[in-house]
S.K.: 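This is the structure, below, for whatever I ask next.
Since the structure is predicted, the reported quantities are computational estimates derived from the model, not experimental observations. Proteins get letters first, then strands, A, B, ... in listed order; numbering begins at 1 in each.
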Amino acid sequence: MEINPILQNVLAPPVLFFLIGAISVLFKSDLEIPAPLPKLFSLYLLLAIGFKGGIEIQKSGFTDQVLPTLSAAILMSLVIPLIGFLILRFKFDVFNSAAIAAAYGSISAVTFISAESFLESQKIAFDGFMVGALALMESPAIIVGLLLVKFAAPKNRPKSRKMHLSSILHESLLNGSVYLLLSSLIVGFLTASSNPSGIEKMEPFTGQLFYGAECFFLLDMGIVAAQRLPRLKNAGSFLIGFAILMPLFNAFIGVFVARFLSLGPGNALLFVVLCASASYLAVPAAMRMTVPEAKSSYYISTTLGLTFPFNIVLGIPIYMSLVNTIIPFSPL
Amino acid sequence: MEINPILQNVLAPPVLFFLIGAISVLFKSDLEIPAPLPKLFSLYLLLAIGFKGGIEIQKSGFTDQVLPTLSAAILMSLVIPLIGFLILRFKFDVFNSAAIAAAYGSISAVTFISAESFLESQKIAFDGFMVGALALMESPAIIVGLLLVKFAAPKNRPKSRKMHLSSILHESLLNGSVYLLLSSLIVGFLTASSNPSGIEKMEPFTGQLFYGAECFFLLDMGIVAAQRLPRLKNAGSFLIGFAILMPLFNAFIGVFVARFLSLGPGNALLFVVLCASASYLAVPAAMRMTVPEAKSSYYISTTLGLTFPFNIVLGIPIYMSLVNTIIPFSPL
Amino acid sequence: MEINPILQNVLAPPVLFFLIGAISVLFKSDLEIPAPLPKLFSLYLLLAIGFKGGIEIQKSGFTDQVLPTLSAAILMSLVIPLIGFLILRFKFDVFNSAAIAAAYGSISAVTFISAESFLESQKIAFDGFMVGALALMESPAIIVGLLLVKFAAPKNRPKSRKMHLSSILHESLLNGSVYLLLSSLIVGFLTASSNPSGIEKMEPFTGQLFYGAECFFLLDMGIVAAQRLPRLKNAGSFLIGFAILMPLFNAFIGVFVARFLSLGPGNALLFVVLCASASYLAVPAAMRMTVPEAKSSYYISTTLGLTFPFNIVLGIPIYMSLVNTIIPFSPL
Amino acid sequence: MIFSERELDAIIKTLEKANVPGYTVMKHATGRGPERVVTEDMEFTGLGANAHVIVFCEQELIDKMRDNIRDDLSYYGGVAYISEATPL
Amino acid sequence: MIFSERELDAIIKTLEKANVPGYTVMKHATGRGPERVVTEDMEFTGLGANAHVIVFCEQELIDKMRDNIRDDLSYYGGVAYISEATPL
Amino acid sequence: MIFSERELDAIIKTLEKANVPGYTVMKHATGRGPERVVTEDMEFTGLGANAHVIVFCEQELIDKMRDNIRDDLSYYGGVAYISEATPL
Ligand SMILES: Nc1ncnc2c1ncn2[C@@H]1O[C@H](COP(=O)(O)O)[C@@H](O)[C@H]1O
Ligand SMILES: Nc1ncnc2c1ncn2[C@@H]1O[C@H](COP(=O)(O)O)[C@@H](O)[C@H]1O
Ligand SMILES: Nc1ncnc2c1ncn2[C@@H]1O[C@H](COP(=O)(O)O)[C@@H](O)[C@H]1O
Ligand code: NA
Ligand code: NA
Ligand code: NA
């Protein structure tokens, strides 16, 4: 019963293309998706996720479940980095610990859409407002990470690197990918409420094209992840373990929170995936700007080289069975 | 009655994405669409506009209205640069005056398609042959601009910069964007007349995708426009005023010509928008090659930083109400 | 009867856009599709061809015709380079002869899809498994080419350039474009067998968009081909003749093999086109890596500057009439 | 000649303040330094690749901006080297 | 070392005429000069960004093409500097 | 300063082996050399364009890797030149 959904997950085009990308690196094929093409797909996916999410939120309205779920999502993205920070401090300095912890507190939009695709293929319903949770979980983790640096960093940090609250907010809210996701959400919402014909005209671009673009992007992600993986060796086994166990741990907390919120199985999976996934877009960008002391190879190689592939290939079906096990009689 | 259509225009996805791009610059977000991705969308839009226009022209055939409208369009693109030149000469030298004037005589394809989107959302009919007017208005303005330089420039221009008629024609007709628009128009026309199944197969690419690609491109245009705007300060208030008042003035002439041609409200708006819009693709490219004495920051910052956003956001609904006011009993 | 299909072929959008690209170079327009945009379309086309092919193969299953056809395809891609090599040795050294011969033994995916488009516009049926032939014909020709170098090259080749079988296999199978085509084929096959809903969701990307993307890519190919053409002058008339006559010769062999296999007219044309087309992706990439002694301008300018345009514009309809003439009572 | 990264804006401000006659920027550079590896995938993840900035200017201008540029580079990493060059 | 713009074709013709042993072109450069600012948006608008051309050659070749290149650059703008370099 | 092509991986391995303090790579360069013309279309066909690699390092490191780099370049083509540069 465990293996079947994993295999089914692996046999979906997005995951297959991800594996193709990874295998191409393994076999030293010279397959390459040159910059800035990956950026095109990354921007497109954020725009489309946001736009569709905004429409869904407008459509579904603010039901009873929306507010508690979104609040819980924000809470998780505040708590997870704190836990992660405490764990990481055993081995790393404040800078690296805060940066890595923030990445795991934040989310990965592509992992989220992979989970959505998984749910669709399993014909399990989920709600559009979960994209709101996605959008809301990006920034708080960055804020926590930067606050940790601000208050826990050694006092002799040079003056030029002192962080001000304004720059912390700037980095967490106006970071390119956070901004694009949030603002596309707003555009989707506004379009749905005032200009419904616009939705239809956007549908071929943001809707129909989405799955294929996701596949293409995952092909590149496979290449990138497989190139990143070997560099993890230098990071040591502690970090490698962290990159696998932390998502599982976060998923575990997440599933109990989801149970507490009495989410349906679809929403529950998405909630768990948001907790378990780690950011490789917004957080690294913010950290590289504001915490240059942290090694980018640490926080990006773990999230991109290990956590992301793990979630995409194995994690999602595992989390699904976790949801099915722990949340009883999940209502539709 | 005035504010409502403006708000409706602003709440359409393309305009919203344009504003998002502009706001991202305002707030110093690091959102960026790296080169050459904007070029991809720009080439795509020209190709799709041309192709669809060619099909429409073939379909609608050459009705009574076609020839007078196209002739009037060409006439406008010859007259407007002359008027603009006379105005600009109060403040600028021959080179800069000619370059800026040519830009305002020529057209902006993206402004045109924004007007089309506006008409569609307002359910106002328009004819496909107006794309022909779009295509025909690009080159004459360039020719006038270069002729102005040829004959009005100080006699001591170095020999190497003497312009020959052949190079004037070359720049005005074989300029990348002019060429792509014109030739795609021909491809569309030929396909429609001899290979109708080809139209259907192109439809998902040139048709369905169009609106979304337009949004994506306008996101970038918002960024570019907002980056350009501050540079206008150096250009002085004369040029800033020109960049807003000239389109209004051109729209005013245009609406009377449209009335004289007894165009329907849809075609009339498109005609007015063609008159009011200014080129930031074909004309700057031609001017940079042939009139290096003109400051590119003048002719590109005005058109891109001010006139384009003005037309997209406020201009189109204003022109619509102008059309409704001045053209009586507009027949369908 | 001969001219009509040629004209019909020329008036299809892909060929028209190819011509537009070529003419733009002729007229020195500054139309340009900057790198890496062509790579985007090239990757997309390979992915989509492979994916759709894999689905078709799974659907059609392994009928009686599949195995003989695929075997014959592989055989052709082994024999053609040998013949080509013998001819080319009259004028060129071992290195150049082997590289050029390998290119003509291999295939051009874009020529193949142009032939498919031609068949569709002529409403002639063909089978999906022919994409399998396409995929299988890329590598053998590379292997033959490299083996020719290994055994026929002068004995004084420096040690570092000695080729090992492993590197020959690596270059021929793990070459970026070969790898992407083959693996997308597998993804398509697996998706069709285990996850049919995935097909539907990919359809807008790999299916509907395909024709338009093909047109865009051919626009660039037109530019590239026309830029390459003049460089052929240095290559001499022998090579120019080879670039036209070799495809015709290969088509001639191909049509008799197709007759022997009793292929229907659609499959027969595709088979002939595979024989007649020459590679400008996989083979040049492999040769540049492993046979640096060969002049890349020889093997790439012939295939890209002459053979490709010839096949796209004139070749396909000529081969069609060849098929109709030589294969009697072609059964459907 | 300078090698820098996401601090491009800061560097350019420094250059402008020193009144250099001009500069040229080439983005999308990757590389490895004593502290960090910069790879192509850092371009689509928000990290940003390196930028290569070239400035032709008088020796005195270099002296003027040396400290500021050093500050910028010590913060985010990057290298700056000077070669002699004469105008053509 | 040369900095140029849309006159790339003209410059390359000049180089070829002078029989340089080779050259390298890097496009997509942006920058600021005494006369103009070149930004990334000039790439999709038809203006074109800058190109960075590098030529390794003998001193005498440089002397031969100096005037032609100066002509090209004075027309559209751009800078050219020479550094000494020895082959590895 | 080095000009190379698809042998980028080999060159970087050589650099790493010599323990250079760092290097910078700029891809997508085109050009012409004594043997070959490299054009933009070679980027989407599998041929690959040129890469421009810059290394700032001590003279002795250069001596150490000279032979290896020459080997790499003689195989696939490319040029390498050395200029003097002082850190800012
Ligand atoms: N010795 C060097 N030679 C050339 N480029 C260098 C060198 N050291 C550092 N770099 C460049 O400077 C960037 C930043 O290096 P780092 O200071 O380690 O963060 C690297 O990614 C390289 O592109
Ligand atoms: N002093 C300089 N150092 C480096 N690049 C320069 C310098 N001056 C001009 N440039 C480059 O040359 C281009 C053309 O400058 P201009 O002559 O002002 O049109 C600029 O966009 C810069 O990329
Ligand atoms: N004299 C030179 N100056 C600048 N770049 C060169 C020179 N010679 C060769 N190159 C570069 O090195 C590449 C390889 O040349 P080749 O050795 O002919 O294959 C060319 O494409 C150029 O980019
Ligand atoms: Na998380
Ligand atoms: Na106008
Ligand atoms: Na062949």
S.K.: Can you confirm whether B:Tyr319 sits close enough to B:Pro247 that some side-chain heavy atom of one is under 4.5 Å from a side-chain heavy atom of the other?
M.R.: yes
S.K.: With no hydrogens and no angle check, is any side-chain donor or acceptor of A:Asn175 less than 3.5 Å from a backbone partner on A:Ala282?
M.R.: yes
S.K.: Is any side-chain heavy atom of A:Phe217 closer than 4.5 Å to one of A:Met221?
M.R.: yes
S.K.: In terms of heavy-atom proximity below 4.5 Å to chain B, should A:Leu209 be classed as side chain, backbone, both, or neither?
M.R.: side chain
S.K.: Among residues 187-195 of chain A, which residues come closer than 4.5 Å to chain B, judged by heavy atom distances?
M.R.: A:Val187, A:Leu190, A:Thr191, A:Ser194, A:Asn195
S.K.: Indicate whether any N or O donor in one side chain lies under 3.5 Å from an N or O acceptor in the other, for A:Tyr179 and B:Asp30.
M.R.: no
S.K.: Could you tell me the separation between the CZ atom of A:Phe308 and the OG atom of A:Ser279, rounded to the nearest 0.5 Å?
M.R.: 11.5 Å
S.K.: For residues 14-24 of chain B, give me every residue with a non-hydrogen atom less than 4.5 Å from any non-hydrogen atom of chain A.
M.R.: B:Leu16, B:Phe17, B:Ile20, B:Ile23, B:Ser24
S.K.: Check whether any side-chain heavy atom of B:Val25 lies under 4.5 Å from a side-chain heavy atom of B:Leu31, and answer yes or no.
M.R.: no
S.K.: Shorter than 4.5 Å, heavy atoms on both sides: which option in B:Ser29, B:Ala35, B:Ala12, B:Pro204 has the most such pairs with chain A?
M.R.: B:Ser29
S.K.: Within the 4.5 Å heavy-atom criterion, are A:Ser106 and A:Met137 side-chain neighbours or not?
M.R.: no
S.K.: What closest approach, in Å, do A:Ala285 and A:Glu171 show between heavy atoms, and which atom pair accounts for it?
M.R.: O-OE1, 4.4 Å
S.K.: Is any side-chain heavy atom of B:Ile327 closer than 4.5 Å to one of B:Leu263?
M.R.: no
S.K.: Indicate yes or no: at least one non-hydrogen side-chain atom of B:Arg228 is less than 4.5 angstrom from one of B:Arg231.
M.R.: yes
S.K.: Does A:Tyr298 reach the side chain of A:Thr303, with side-chain heavy atoms less than 4.5 Å apart?
M.R.: no
S.K.: Considering only heavy atoms, which portion of B:Glu32 lies under 4.5 Å from any heavy atom of chain A: side chain, backbone, both, or neither?
M.R.: backbone
S.K.: Under 4.5 Å heavy-atom distance to chain A, tell me which part of B:Leu40 shows up: side chain, backbone, both or neither.
M.R.: side chain
S.K.: Only heavy atoms, only distances under 4.5 angstrom. Which residues in residues 42-59 of chain B are near chain A?
M.R.: none
S.K.: Considering only heavy atoms, which portion of A:Gln208 lies under 4.5 Å from any heavy atom of chain B: side chain, backbone, both, or neither?
M.R.: side chain
S.K.: Scan for side-chain hydrogen bond (donor to acceptor under 3.5 Å, both in side chains) pairs involving residues 134-144 of chain A, sequence neighbours excluded, and state none if there are none.
M.R.: none
S.K.: Treating A:Asn96 as the side-chain partner and A:Lys295 as the backbone partner, does any N or O pair qualify as donor plus acceptor under 3.5 Å?
M.R.: yes
S.K.: Has A:Lys201 got more than 12 heavy atoms of other residues, nucleotides or ligands less than 6.0 Å from its NZ?
M.R.: yes
S.K.: Heavy-atom distance under 4.5 Å between the side chains of B:Val323 and B:Phe271, does that happen here?
M.R.: no
